[in-house]
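The structure presented is a predicted model; accordingly, all values stated were derived computationally and were not measured. The first residue in the sequence is number 1, and the count goes up from there.
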Amino acid sequence: MRLKIIENIEVAKNTYSLKLENPALFDVEPGQFFMVKINTYPFPLLRRPFSVADFGEHLEFIYRVVGEGTRILTTKKAGEFVDVLGPLGKGFSINSTKRLLLVGGGIGVAPLLYLKKTIEETYKISCDAYFGFNNADEIFTKDGNIATMDGSFGFKGNIVEMVEDMLDENTLVYACGPTLMLKRLAFLCFEKNSPMQVSLESRMACGIGVCLGCVVQTSDNRYKKVCVDGPVFDFEEIQW
Ligand code: FES
């Protein structure tokens, strides 16, 4: 469906917020994503997966410029249209019996913002958010506790170091970010019996289970498609 752009602005270094009109035709679970068609001709033809950073008055994606497709997207102006397919995939499930801990890294923080809003505003429960970035220039939200690798803002170091001592069986972790960060968290969650739901970032060509471009290996040596079986998985399902 074609949705009108309300705003497309740079919110941090090489990071943009794209707000689209909410057509009031669907609901969105935190963790779900859309396939966005950036251009039809001459390049790029494929849609790109964008997780939902907010949904309500607008449908918001926060995206990092990583190549020609996303660079072209930065040139789109309010009033123009983009073609989106979604909402797709399986999102986070919210468990109100545990302490909820959100841990995000880099652009992986984006889906956790909508999760945080849903937990607080819809479920009316509190949660703690810890977000890590490489440096102050890359920070696009301060709606949580912040760490930077170079110490230019907040805690100096990796976000996993910041939450390490908070993990236990009564704490449910929701995580999204770079693979290395998720691996370290998965290792600690195994060790401390802490449940965790992870949203995986994957290259996707179709987003609807057809191309097999997004498969991940599971802990029982099978394969799952990130686009339809995820992107959110119980961390114990995945082979790290
Ligand atoms: Fe095509 Fe998942 S992106 S099967």
Side-chain angles (χ1 to χ4, degrees), residues 11-15 17 30-31 51-54 60-64 66 91-121 123-202 230-240:
V11 288
K13 191 173 177 199
N14 284 331
T15 309
S17 157
S51 62
V52 174
D54 193 20
E60 182 184 9
F61 307 118
I62 294 176
Y63 64 96
R64 181 151 287 164
V66 290
F92 293 102
S93 60
I94 294 167
N95 178 338
S96 57
T97 63
K98 301 214 180 266
R99 174 190 180 205
L100 306 182
L101 186 65
L102 279 54
V103 187
I107 203 67
V109 168
L112 300 182
L113 294 178
Y114 180 44
L115 174 66
K116 185 170 186 289
K117 177 181 158 181
T118 304
I119 290 171
E120 291 173 343
E121 293 184 13
Y123 287 78
K124 309 245 181 276
I125 46 184
S126 63
C127 59
D128 294 312
Y130 289 82
F131 299 146
F133 298 91
N134 283 322
N135 54 58
D137 290 347
E138 295 185 4
I139 297 172
F140 56 83
T141 178
K142 290 187 177 154
D143 188 14
N145 301 284
I146 307 291
T148 50
M149 294 300 286
D150 68 356
S152 49
F153 189 91
F155 174 83
K156 181 177 181 181
N158 191 294
I159 198 67
V160 179
E161 291 166 35
M162 212 174 167
V163 300
E164 193 169 346
D165 293 336
M166 301 172 198
L167 306 178
D168 58 37
E169 67 266 28
N170 296 315
T171 302
L172 169 58
V173 180
Y174 295 104
C176 186
T179 306
L180 204 57
M181 180 201 113
L182 296 181
K183 272 189 185 182
R184 288 184 65 185
L185 263 180
F187 176 77
L188 288 167
C189 286
F190 270 123
E191 208 177 58
K192 302 190 176 203
N193 269 328
S194 187
M196 174 165 72
Q197 296 176 24
V198 288
S199 178
L200 299 183
E201 294 170 334
S202 174
V232 176
F233 294 91
D234 181 314
F235 85 104
E236 288 179 316
E237 279 182 82
I238 303 300
Q239 186 156 126
W240 298 99

Next on the checklist: Is it true that, when you exclude Leu180 itself, more than 12 heavy atoms of the residues, nucleotides or ligands shown sit nearer than 6.0 Å to its CG?
Outcome noted: no

Next on the checklist: How long is the straight-line distance from SG of Cys176 back to CE of Met181, given to the nearest 0.5 Å?
Outcome noted: 7.5 Å

Checklist entry - Looking at side-chain heavy atoms only, is the closest gap between Asp234 and Gln197 below 4.5 Å? => result no

Checklist entry - Is any side-chain heavy atom of Tyr63 less than 4.5 Å from a side-chain heavy atom of Thr15? => result no

Checklist entry - From Leu188 CG over to Glu161 CD, what is the distance, rounded to the nearest 0.5 angstrom? => result 10.5 Å

Next on the checklist: Side chains of Met149 and Asn134, heavy atoms from C-beta outward: is any pair under 4.5 Å?
Outcome noted: yes

Next on the checklist: Please find the pair of heavy atoms, one from Pro178 and one from Gly105, that lie closest to each other, and give the distance.
Outcome noted: CD-O, 3.6 Å

Item to check | Contact summary for Ile62 and Ile107, nearest pair of heavy atoms | outcome: O-CD1, 3.7 Å

Item to check | Closest non-hydrogen atom pair between Val160 and Arg184, with its separation | outcome: CG1-CB, 4.2 Å

Checklist entry - Can you name the nearest heavy-atom pair linking Ser17 to Glu60, along with the distance? => result OG-OE2, 2.7 Å

Item to check | Test side chain to side chain contact (heavy atoms under 4.5 Å, CB included) applied to Lys192 and Asp165, step by step | outcome: CA-CA 10 Å; Lys192 302 190 176 203; Asp165 293 336; 4.2 Å; yes

Item to check | Over-ring placement of Lys142 relative to Phe153, 6.0 Å and 45° cut-offs | outcome: yes

Item to check | Leu112 CG to Leu115 CG distance, which is reported to the nearest 0.5 Å | outcome: 6.0 Å

Item to check | Rounded distance (nearest 0.5 Å) linking atom CD1 of Ile119 with atom CG of Leu100 | outcome: 5.0 Å

Item to check | Donor-acceptor under 3.5 Å (Ser152 side chain, Ala136 main chain) | outcome: yes

Item to check | Heavy-atom pair with the smallest gap, counting every atom of Glu138 and Phe133 | outcome: O-CD2, 3.3 Å

Checklist outcome for this item: So CD1 of Ile238 and OG1 of Thr179: to nearest 0.5 Å the spacing works out to 11.0 Å

Item to check | Cationic N near anionic O, under 4.0 Å, Lys117 to Asp143 | outcome: no

Next on the checklist: Looking at Lys98, I want to see if its NZ is surrounded by more than 12 non-hydrogen atoms of other residues, nucleotides or ligands under 6.0 Å.
Outcome noted: yes

Next on the checklist: Applying salt bridge (Lys or Arg N to Asp or Glu O under 4.0 Å) to Arg99 and Asp128, what does each step give before you reach the verdict?
Outcome noted: CA-CA 8 Å; Arg99 174 190 180 205; Asp128 294 312; 3.2 Å; yes

Checklist outcome for this item: Heavy-atom nearest pair, Phe140 first then Leu113, reads CE1-CD1, 4.1 Å

Next on the checklist: Let me confirm one number: the CG-CZ distance from Asn145 to Phe155, rounded to the nearest 0.5 Å.
Outcome noted: 11.0 Å

Checklist outcome for this item: Sequence neighbours excluded, the answer for ring pair (Phe, Tyr, Trp, His ring centres under 6.0 Å) partners of Phe235 is Phe190

Checklist entry - Picking from Val198, Ile159, Leu182, what satisfies side-chain contact (heavy atoms from CB on, under 4.5 Å) with Val103? => result Ile159

Item to check | Exam field: side chain Lys124 to backbone Glu121, donor-acceptor pair closer than 3.5 Å | outcome: yes

